Structures are given as C-alpha cells and as structure tokens.
Novice: 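The structure that follows is given in the form of structure tokens.
Below, read A as the first sequence line, B as the second, and so on, with proteins coming before strands; counting in each chain starts at 1. Keep in mind the model is a prediction, meaning the values are calculated, not measured.
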Amino acid sequence: MMLRRMDSMMVSFEMTETLLAVALTLAAFVCLFDRHLLRATLCFIGFALLLTLAWWRLATPWLALAELLLGAIVSGASLLFALGVLPTGAALKPRHDRFPVPLSHGVTRLALSVLWLVLMAAGVRHALPAMALSPSEEPLLIAAGVWVACALGAFALHRHLLRRLLAFNVLGSGVFVLLAGMAGPMLAAQLLILVGLCIAALGTLLGALLIRRLYHLEGLEALDPDIDKTVAQ
Amino acid sequence: MNWRWGWEAATFAPEPGESWALLAALVLPLMLGGLAALRPPRRAWVVLLAALPLLASGAALFQAVQGVALLTWSVSFDDVTLALRLNGVAALLVVVTQLIGVVAALYTAGLCRLDESAGRSRWLWPLWGVLLSSLSVIWLAADLLSLYLGLELMGLTAVGMLLLSGKAEALLAGLRYLLVALVGSLLYLLGVALILAHWGSLELAQLTEVVAPEPVAWLAAALLGAGLATKAALFPLHAWLTPVHASAWTPVSALHAALVVKASLYLLLMLWSLLIPESHVAPLLLGLLGALAIVWGSLAAWRADSLKTLVAASTVAQLGYLMLAFPLLLGPEMAPEVQTLAWQGFWLQLLGHALAKAAMFMAAGNLILATGESTLAGLAGTSRRLPLSLLVFGIASVTLMGLPPSAGFTAKWQLLQAMLLADLWWAIAALLLGTLLSAAYVFRLFRYSFIESAPRKTYRPLAPGMEGGALLLALAALLLGLWAHYPLSLLQGASA
C-alpha cells in the first residue's frame with residue numbers, strides 16, 4: 001500500500017484559503033502572546049472555529065465536526081472553566097498573567113525551541129521529500145508550521161500554567177494539520193488526528209480541573225511552577 | 001530481533017472461545033469499573049466475585065497461547081487495519097496486569113471500608129477500568145493506531161488517578177508532568193505521522209517488511225523515543241514521580257509503579273526494534289542513562305525520609321535495569337545468545353518488578369495506614385504489631401535486591417551473563433552497585449521496625465484483603481523466579 005496523492009485538493013493559492021490561513025495565524029498569535037487571559041482564551045475558541053472551517057476546506061468533514069465539538073466546545077469550555085468565567089467557582093484573578101519572564105530565561109528557551117524547530121523542519125524535508133500536500137501550494141500547511149513554531153516558543157517561554165495549556169492546544173492543532181499534510185487523505189491519518197483531538201480535549205479538561213483545584217488550595221502563586229526560583233534570584 | 005515480537009502471520013486461526021476471552025479481557029474492566037462507580041464495593045468477596053470472569057479471561061488467553069504460541073486478530077476497513085496479536089510475552093503481561101489490577105481493587109475496597117470519608121474514591125473505579133483496558137490494548141496491539149489510543153488513554157487516566165487525592169505540591173508536579181506528557185504525545189504523533197507518510201501503513205507486520213535503515217526511520221525513532229521517554233518518566237525526566245507518589249492513594253501508586261511506567265518502556269523497545277534494530281548510538285545512550293538512573297534512584301531512596309518516597313525512588317532505579325538491557329538487545333551484529341539472555345532478563349525484570357513493587361507499595365501503605373506515620377523513623381517498633389505487612393515488604397525486597405530465588409535474581413543473572421558476553425563493563429558495574437545500594441535502602445526500614453524500645457501506639461486494624469492481596473503478589477514475584485523456566489519458555493515465542 002503506497003502513499004496516495006491528493007488529487008482534488010491540488011489547487012494553487014486560493015483567495016479564501018489564504019485568508020483563512022492568515023486569520024488562523026493571527027488568532028493563534030493573539031492566543032499565545034496576549035497576557036490578558038480571557039482575551040487569549042476567546043481567541044483560542046475563535047481559532048478552533050476557524051480551524052473547523054479549514055478542516056471542511058481540506059475535505060475532511062468528520063474532522064471538522066470533531067474540531068467543532070472537541071476543540072471549540074470541550075476545550076474552550078474547559079479553559080473558560082479554569083479561568084472561572086463560567087458561573088461555578090471563583091474567578092481566577094488577576095485576569096492578566098503578571099509573572100515576569102527574566103530575559104536570560106526567555107532568550108535561552110526561545111533559542112532552544114527555534115533550534116529544535118529548524119532541526120525538525122530540515123529533518124522532515126530531508127527525510128520526506130514527497131509530502132502528500134505540497135507546502136508551496138497549500139497556505140494552511142505553511143501556517144501550521146508557523147503555529148507549531150510560535151506555540152513551541154510560547155510553551156517554553158510562559159510560566160503561567162493556563163497559558164502553557166493554551167500553547168499545548170495550538171501546538172496540537174498545528175501538528176494535526178501537518179500530519180494531514182504529510183499523510184494526505186488516508187483514513188488512517190484521519191483516525192490518528194481524531195484520536196489526537198479527543199486526547200487533547202481530555203487533557204485540556206484534566207488540566208483545567210487541576211488548575212482550578214490548585215488555585216482553590218494555594219491561590220494564584222501556585223500557578224507559576226518556577227516561583228521559588230524567582231524568589232531565589 | 002523482530003521475530004520475537006510475534007508480528008508474523010499466525011499458523012492457526014483463533015477459535016471462537018479464544019476470541020471471546022480476548023473481548024472479555026478488553027471490555028470487562030470497563031464494565032466492572034462502571035458498575036463499581038455506581039455501587040462502590042466495600043467487601044473483599046464482592047470484588048473477588050466480580051473479578052472472577054476477568055481473571056478467567058486472562059487464564060483462557062494464557063491457556064490458548066500455550067498450545068499455538070501465536071494468535072492474531074485483525075479488522076480492516078479502507079486503508080486502516082486494527083490488529084491484535086497474542087504471543088507468550090503478551091499473555092504473561094495481560095495475566096500479570098489483571099492480577100495486579102484485581103489485587104489493587106481488593107485493596108481499594110478495604111481502604112473505602114476503613115475510611116468512609118474517601119468521597120472521591122468513587123471516581124477511582126471508572127479510571128481503574130479504563131487503565132486496565134488500555135494496558136491490555138497496549139500489550140496486545142500490533143498496529144500504531146491502537147497503540148497510540150491505548151498509550152494516551154493510559155497516560156491520562158494514570159495522571160487523573162494519581163492526582164485524585166493530591167496535595168498542592170503533588171498537584172503542581174502532576175500538572176507540570178501532564179503538560180510535558182501532552183507535548184510528548186504530540187512528538188509521538190509526529191513520529192507516527194512520518195511512518196505513515198513514508199511507508200503508508202500503520203500495521204507493524206507490514207512495516208517490518210518495508211522498514212529500512214534510512215533517515216526517516218532515524219527521525220521517527222528519535223521522535224517516538226523522545227515522546228515515550230517523557231511519558232515513562234525515564235531518568236532525567238523522573239522528578240515528578242516522588243512528590244506525586246508521596247500523596248497518592250496506595251492502590252493507585254501500586255498500579256502506576258507496577259504497570260504504567262512499564263508500558264512506555266515496552267513500546268519504546270518494540271518500536272525501536274522495528275525502526276532501528278541495527279543502531280548503535282540510541283540504545284547506548286539509553287543504557288548509559290539507565291546506569292545513571294540506577295545510581296541516582298538508589299541514592300535518592302537511601303536518603304528518603306518517608307517510606308513512600310523510598311519506594312517511589314526505588315522505581316526510578318529499577319527502571320534503570322530495564323534501560324540497561326537496550327544496548328544488549330539492539331545494536332549492529334549483536335550476538336544471538338546475548339540477545340536471548342538480555343531478552344529473558346528484560347521480561348523477567350519487568351514482570352518481577354511489577355509484582356514486587358505493587359506488593360511493596362501495598363505493604364508500605366498498610367504500615368502507614370495502621371500507624372498513622374509516614375516517615376521511616378515513625379515506623380519504629382512496628383515489627384511486633386504488623387508482622388504480616390513487614391513480611392510482605394521483606395519478600396518484595398528480596399525481588400528488588402535480586403536475591404535468589406526471586407524473579408529479580410534470575411533477571412539480573414541473565415542480564416549479567418549477557419553483559420559479560422558483550423563486554424559491557426560499565427553496565428556490570430552499574431548493576432552490581434545498584435544491587436548493593438538497594439540492599440542498603442531496603443534495610444533502613446527493617447532497622448527502624450525492629451527497634452524494641454519504641455513507645456507503644458494504638459494501631460488501626462486493617463481489612464483482610466489489604467494484607468492478603470499484597471502477600472499474594474510478593475509470593476508471585478518469588479515464585480516467578482523459582483519456576484523461571486516456565487515463563488522463559490513462553491517468552492521465546494513461536495520460532496523457538
């Protein structure tokens with residue numbers, strides 16, 4: 001059984017596709033780098049809704065439905081629950097992530113994630129010359145690469161656990177789109193992505209429950225795992 | 001190396017009874033877990049009665065594999081094939097998983113009876129069911145999709161279980177682990193995506209025929225390895241284990257240390273022997289990390305103040321022995337006799353440690369529950385009042401230290417022979433040092449427990465299932481070493 005090419009989707013840059021990719025990238029960017037937690041979460045939900053459209057455009061309606069249900073609704077609601085916006089429980093205050101990021105910490109972590117990413121990209125391009133969808137013809141794939149890069153940087157950089165959870169979700173979405181691009185319209189690839197979506201939603205739910213419990217027990221300081229390091233400095 | 005995993009076509013088709021046993025082994029834990037969540041059992045006989053069909057399904061599978069050595073099931077639709085295979089290794093692992101799972105359930109029932117306030121324990125039961133089912137899927141699956149599903153479900157339920165009773169510092173450690181493990185699962189997924197994109201299949205049987213040493217295989221092996229290492233809490237990434245175990249419920253700790261950490265290691269060995277059977281660097285790196293893990297984990301256990309931290313840190317060290325087997329099993333032109341010895345040692349160590357560590361966690365939980373003390377010093381003078389729990393701890397330690405006639409001894413003996421044949425002197429040094437250190441940390445408990453002048457305290461009575469089950473597991477670890485030729489003949493697989 002060899003790799004099957006995608007025939008119907010081999011269209012060069014289309015206006016709507018490009019617009020969708022740009023909008024998704026913008027939403028991902030705000031979600032990852034806005035310190036206002038509620039705004040970032042809302043942007044994530046917008047990102048998930050746009051991604052639903054993108055899966056639809058990639059001719060995978062089941063994944064679009066799964067992204068809508070699991071990504072936008074379950075993960076979105078979990079994140080809002082962790083923020084305390086939903087009627088149950090006290091709100092997470094302050095709404096801004098005010099944990100400082102020391103410059104050296106930021107630079108090393110960013111450098112490490114960029115290095116990892118370059119290695120990864122070079123490895124994939126070298127090892128896998130023929131991808132099912134060509135990145136030069138599919139703006140969504142380029143966009144997915146950008147999300148993975150930004151999300152990896154954000155995951156390494158941020159210290160607020162909720163923001164790391166957001167970064168994980170964006171990273172996951174990027175990986176899923178890349179997977180679809182590498183493997184094409186095989187059912188096996190779609191099932192892998194479906195399982196991945198379920199796991200990401202469950203993981204986000206579990207993470208949100210833990211964040212709530214931690215906040216309930218210890219207050220806001222508990223949400224910064226490196227707090228003792230900052231005190232020591 | 002790959003013939004040992006049982007991916008080749010089976011000679012015989014499974015009979016209907018065997019297929020039903022397989023279905024029962026996979027689905028019954030879920031149903032039992034759901035039932036127990038609705039009506040949490042309090043008595044040992046209820047748990048035993050409910051678990052009988054589950055144990056029977058395991059026994060039936062075990063029986064089936066003795067006759068034919070390999071059975072395969074598969075379902076295909078379009079380009080997806082879900083495949084399960086049952087060989088000697090998988091049958092042993094399934095039976096041990098069910099045994100430990102049922103004993104953990106017995107323990108949980110006893111715990112709920114003693115401690116009425118454990119309100120959230122209701123949540124434990126469905127998680128227990130999902131954990132047992134997903135572990136069985138991992139042991140049996142022969143395609144990357146089912147393995148991914150099993151691995152992720154197991155990881156999430158394990159974190160959920162460990163953190164059910166958590167204190168703040170354990171929750172923080174667990175949450176950080178959860179985030180890292182989720183990112184690790186994406187790495188794993190990328191590795192699987194590379195395999196699928198390049199070779200167009202997820203079925204291990206097909207992949208063995210097409211995989212060649214080329215850059216894709218190395219890249220995929222690196223991604224899968226990185227993802228699994230974060231999940232298995234392998235040596236440099238183990239820091240979260242001890243704080244989480246210190247406050248988790250005893251049966252959960254037992255299940256986690258015995259089975260969950262092993263599953264990722266099992267997958268790592270299986271996928272690396274598929275992708276990079278001839279590679280030199282990666283297994284050597286893992287082996288070196290294993291040597292460090294043995295020394296570091298043993299020292300941490302030696303210095304621990306609390307009993308649970310001691311037991312949890314010893315898990316890090318014992319996983320190190322399994323990592324030491326990697327450079328013996330994989331490598332360019334590895335001699336067959338070295339591979340055979342290392343293969344036997346790997347599985348005996350894995351099974352023996354699973355049984356012994358579960359027993360040890362339960363014995364430690366009993367001591368802590370009965371005395372109300374969690375530090376080693378607080379357990380002074382327990383030898384008179386809790387002889388059975390101490391006995392269980394002792395028998396389990398025999399396996400951990402690797403004294404004859406336990407499974408730990410046989411495993412280390414096989415590994416040592418393989419290392420001598422392969423001239424891996426640093427590995428021999430690590431193994432011997434680890435054995436000495438494990439004796440040192442295990443005897444710390446006995447030094448305290450036999451202090452006669454300790455003030456008398458009131459001890460809480462324990463439920464019968466809590467001590468009996470632990471004793472059963474500890475004895476099983478001992479017997480596995482005594483009758484090692486029996487599991488070893490099963491491990492050799494179809495071609496032996």
Novice: Can you tell me how far apart CD1 (Ile211(A)) and CG (Leu175(B)) are? Round to the nearest 0.5 Å.
Specialist: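 It comes to 5.5 Å.
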Novice: Could you pull out the closest heavy-atom pair between Val180(B) and Phe155(A), with the gap in Å?
Specialist: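 Val180(B) and Phe155(A) have their closest heavy atoms at N-CZ, 4.5 Å.
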Novice: Side chains of Leu190(B) and Met182(A), heavy atoms from C-beta outward: is any pair under 4.5 Å?
Specialist: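 The answer is yes; the side chains approach within 4.5 Å.
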Novice: Output the distance between atom OH (Tyr215(A)) and atom CG (Leu171(B)), rounded to the nearest 0.5 Å.
Specialist: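 Those atoms lie 16.0 Å apart.
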Novice: Taking side chain as everything from C-beta outward and backbone as N, CA, C, O, which of these in Leu217(A) sits under 4.5 Å from a heavy atom of chain B? Side chain, backbone, both or neither.
Specialist: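 Just the side chain, heavy atoms under 4.5 Å.
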Novice: Once rounded to the nearest 0.5 Å, what's the spacing between atom CZ of Arg164(A) and atom CG of Leu179(B)?
Specialist: 6.5 Å
Novice: At their closest point, which heavy atom of Leu179(A) faces which heavy atom of Ala193(B), and how far apart are they?
Specialist: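 Leu179(A) and Ala193(B) have their closest heavy atoms at CG-CB, 3.4 Å.
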Novice: To the closest 0.5 Å, what do you measure between OH (Tyr148(B)) and CG (Leu191(A))?
Specialist: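 Reported value, rounded in 0.5 Å steps: 12.0 Å.
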Novice: Looking only at heavy atoms and a cut-off of under 4.5 Å, which of Asp143(B), Leu186(B), Val192(B) has the most pairs with chain A?
Specialist: Leu186(B)
Novice: So which of Leu149(B), Leu182(B), Leu156(B), Leu144(B) has the largest heavy-atom pair count under 4.5 angstrom toward chain A?
Specialist: Leu182(B)
Novice: More than 12 heavy atoms of other residues, nucleotides or ligands under 6.0 Å from CZ of Phe33(A): yes or no?
Specialist: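 Buried by this count: over 12 neighbours within 6.0 Å.
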Novice: For residues Val80(B) and Ala188(A), report the shortest heavy-atom separation together with the two atoms involved.
Specialist: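 Looking at all heavy atoms of both residues, the shortest contact is CG2-N, 3.4 Å.
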Novice: Go through the steps to decide whether Leu202(B) and Leu192(A) satisfy the test side chain to side chain contact (heavy atoms under 4.5 Å, CB included), and finish with yes or no.
Specialist: CA-CA 10 Å; Leu202(B) 290 178; Leu192(A) 274 177; 4.1 Å; yes
Novice: If you measure from CD1 on Ile199(A) to CG on Leu153(B), what distance do you get to the nearest 0.5 Å?
Specialist: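 Reported value, rounded in 0.5 Å steps: 5.0 Å.
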Novice: Tell me, do Leu189(B) and Ile193(A) make a side-chain contact under 4.5 Å, heavy atoms counted?
Specialist: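 Heavy-atom side-chain distance check fails, nothing below 4.5 Å.
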Novice: Can you tell which part of Leu187(B) gets under 4.5 Å to a heavy atom of chain A, answering side chain, backbone, both or neither?
Specialist: side chain
Novice: So, the side chain of Asp78(B) versus the backbone of Leu187(A): is there a donor-acceptor pair under 3.5 Å, distance only?
Specialist: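 Flag not set: sc Asp78(B) to bb Leu187(A) has no pair under 3.5 Å.
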